[in-house]
Amino acid sequence: MSGASESRAPKPSPLNGFEETVKDFWVSRPRRPHAGRKVAGVAAAIGYRYGIDPVVVRIALVVTTIFGGFGVPFYLLGWLFLPGESDEVSGFEGLIGRGRSSVSPAFAVVLLVLTVVSVGGSFTGAWFDGGGLISFALIAAALYLLHRNRGHENRPAPVVARTSYPAFTGNGAFTMTDTAEAPSPARGWDPLAADPAGWDLPDAPPVQEPRPTPPPYRAPQRRHRSKVGSAIFAIAVVTAGAGVLANLNGAGWFSAQHIIGLVLGVVGIGLVTGAFTGGGRGLIGLAVPLAIAGMVLTTAPFQDLDFRGGVGDLTPNPRTVADVQPLYQHAAGDIDLDLSKLPAGAPYSTTVNNGAGNTTVIVPETADVTFDCHTGAGDVSCFDRSTNGVSQDALTGTDNGTDGVGGQKITLHVSNSVGNVEVRRA
């Protein structure tokens with residue numbers, strides 16, 4: 001060893017702070033490619049720029065659209081502010097005269113209006129309280145971290161601006177203006193004895209500068225099989241099982257919507273992790289149906305969907321007031337509760353909850369029944385009142401039977417998530 005310090009090639013210096021990262025992101029923004037795009041190429045641009053599968057980006061946009069609603073505004077923002085791979089500037093910059101863009105000014109205005117409307121809808125809609133802000137924060141944080149860690153890779157080549165050529169003016173025989181004097185031709189022998197200034201020769205075509213060739217698309221290399229997908233799938237199954245057990249033990253917060261949301265969150269973390277480690281692509285097949293199921297359960301009236309009570313048909317037929325249970329609950333199947341054989345006696349009350357299926361309650365002919373009947377989606381018929389459809393108000397009231405006031409006092413609470421509800425007399 002000579003003791004002399006060895007010279008090493010300096011590593012690319014990382015971005016030093018938040019402001020520098022944001023500025024560098026804007027300078028080296030992803031460019032929307034011509035190949036590999038589905039609509040405008042926003043997902044493909046982000047994927048190629050940071051070396052991740054564009055399918056993962058598309059899934060993330062779908063998930064943030066369903067839960068929060070910011071996926072669509074983000075895509076429109078990318079369409080408006082990310083230039084095409086052969087454009088000088090983005091559509092918005094082209095609109096304000098900063099350079100050439102393949103997005104026409106009229107279409108840029110349309111995109112701008114749609115962006116403002118969709119951003120307002122994602123932040124003010126009541127679909128999921130705070131979801132627009134949360135999804136915006138998640139997308140912004142993901143982009144920041146991607147650029148922070150991979151911003152030095154796959155930086156797009158700058159597009160050279162086109163050169164504008166000035167119009168030719170001269171003193172030819174057919175020129176309409178005389179704005180410049182032609183240089184005096186060199187004196188020499190001319191066999192035709194013609195004045196060269198009178199010749200009308202075609203102009204030479206301008207020499208076009210060669211356009212720089214865009215960097216070729218490099219397909220992601222096939223990486224080694226990762227264990228991320230298997231591990232995340234196992235965690236998702238454990239999460240779903242724990243949620244169902246908590247629901248069965250009376251934890252009301254663990255509804256079907258919340259359980260699916262928790263599982264989808266686990267799968268989303270796996271997709272993000274897999275984007276960095278090169279695995280977990282198989283989780284897409286789990287994320288798509290979960291997202292669809294979550295959207296259906298969130299927007300459709302299944303708020304009371306419960307896993308307790310088992311499945312199958314239930315036909316209780318109590319003979320005494322002591323046999324009447326305070327709660328009849330079922331997850332899926334038909335419930336036929338027959339109270340018509342009960343003898344007159346002390347007042348009693350019961351509740352019937354059914355997740356998915358039809359519920360029928362039969363009461364004595366002369367009983368005085370106070371009721372409330374509700375279903376999330378289906379038909380409701382309680383004595384002489386009825387309703388049908390989705391998310392209808394509960395039917396409430398009192399029916400004293402054919403003999404008027406003075407019969408057995410019964411209080412009924414009947415609720416279905418999906419299915420028909422009927423309360424009638426024997």
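Heads up: numbering here begins at 1 and tracks the sequence.
- A ring-ring contact (aromatic ring centres under 6.0 Å, His included) check over residues 381-425, counting only residues at least two apart or in different chains, returns the pairs F371-F383.
- For R37, the salt bridge (charged side-chain N to carboxylate O under 4.0 Å, His left out) criterion is met by no residue, not counting sequence neighbours.
- Remark: side-chain polar atoms of N420 are paired, donor with acceptor, to backbone N or O of D379 under 3.5 angstrom.
- Within the 4.5 Å cutoff, no side-chain heavy atoms of E153 are placed close to those of Y50.
- Side-chain contact, S86 with H34: a donor N or O sits under 3.5 Å from an acceptor N or O.
- With values rounded to the nearest 0.5 angstrom, T320 atom OG1 is found 3.0 Å from D323 atom CG.
- For the pair T351 and P326, the minimum side-chain heavy-atom distance is 4.5 Å or more.
- Side-chain atoms of R31 never come within 3.5 Å of backbone atoms of R49 as a donor-acceptor pair (strictly under, hydrogens ignored).
- Among residues two or more places apart in sequence or in another chain, the side chain to side chain donor-acceptor pair (under 3.5 Å) test is passed with E93 by R29, S90.
- Among residues two or more places apart in sequence or in another chain, the salt bridge (charged side-chain N to carboxylate O under 4.0 Å, His left out) test is passed with R98 by none.
- For T315, the side chain to side chain donor-acceptor pair (under 3.5 Å) test picks out no residue, with sequence neighbours left out.
- Summarising the geometry of S417 relative to G355, their closest heavy-atom pair is CB-O, 2.9 Å, with the distance given to 0.1 Å.
- The closest donor-acceptor contact from the side chain of R424 to the backbone of I362 lies at 3.5 Å or more, if one exists at all.
- Remark: the backbone N or O of P364 is paired with a side-chain donor or acceptor of R425 at under 3.5 angstrom.
- For D393, there are no side chain to side chain donor-acceptor pair (under 3.5 Å) partners two or more places apart in sequence or in a different chain.
- At least one side-chain heavy atom of L314 sits less than 4.5 Å from a side-chain heavy atom of P316.
- Judged as a salt bridge (charged side-chain N to carboxylate O under 4.0 Å, His left out), and not counting sequence neighbours, D334 has no contacts.
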For residues 340-350, tabulate all N or O donor-acceptor pairs below 3.5 Å that involve a side-chain atom, not counting sequence neighbours.
residue : atom : partner : partner atom : Å
S340    : OG   : D338    : OD1          : 2.5
S349    : OG   : T411    : O            : 3.4
T350    : OG1  : Q325    : O            : 2.7

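- Considering only heavy atoms from C-beta on, L327 comes within 4.5 Å of N353 through its side chain.
- Of the inter-residue distances, the one linking L112 atom CG with L95 atom CG reads 7.5 Å to the nearest 0.5 angstrom.
- Residues T21 and D24 bring no donor and acceptor atom of their side chains to less than 3.5 Å of each other.
- Atom-to-atom distance recorded for F107:CZ and L80:CG is 9.5 Å, nearest 0.5 angstrom.
- In terms of modelled atom types and a separation under 3.5 Å, the side chain of E422 and the main chain of T360 share no donor-acceptor contact.
- Between the side chain of D372 and the backbone N or O of A394 there is no donor-acceptor pair closer than 3.5 Å.
- Checking side-chain atoms of R385 against main-chain N and O of L395 turns up no donor-acceptor pair under 3.5 Å.
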_Show, in sequence, the C-alpha distance, side-chain angles and deciding distance for V42 and R32, and conclude whether the side-chain contact (heavy atoms from CB on, under 4.5 Å) test is met._
CA-CA 6 Å; V42 175; R32 298 181 289 107; 4.1 Å; yes
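- Taken from CG in L111 to CG in L114, the straight-line distance is 6.5 Å, to the nearest 0.5 Å.
- The line from CG of N149 to OH of Y144 is 9.5 Å long, rounded to the nearest 0.5 Å.
- Evaluation of the salt bridge (charged side-chain N to carboxylate O under 4.0 Å, His left out) rule for R58 yields no partner, not counting sequence neighbours.
- Within the 3.5 Å criterion, the main-chain N or O of V263 finds no donor-acceptor partner in the side chain of T239.
- Counting heavy atoms from C-beta on, the side chains of L61 and F74 come closer than 4.5 Å.
- Under the salt bridge (Lys or Arg N to Asp or Glu O under 4.0 Å) criterion, the residue pairs touching residues 360-371 are D368-K409, with sequence neighbours excluded.
- With N416 contributing its side chain and G376 its backbone, the two residues share no donor-acceptor pair below 3.5 Å.
- Within the structure, the disulfide bond (SG atoms under 2.5 Å apart) test picks out the following pairs touching residues 356-392 (sequence neighbours left out): C373-C382.
- Judged as a ring-ring contact (aromatic ring centres under 6.0 Å, His included), and not counting sequence neighbours, the contacts of F81 are F92.
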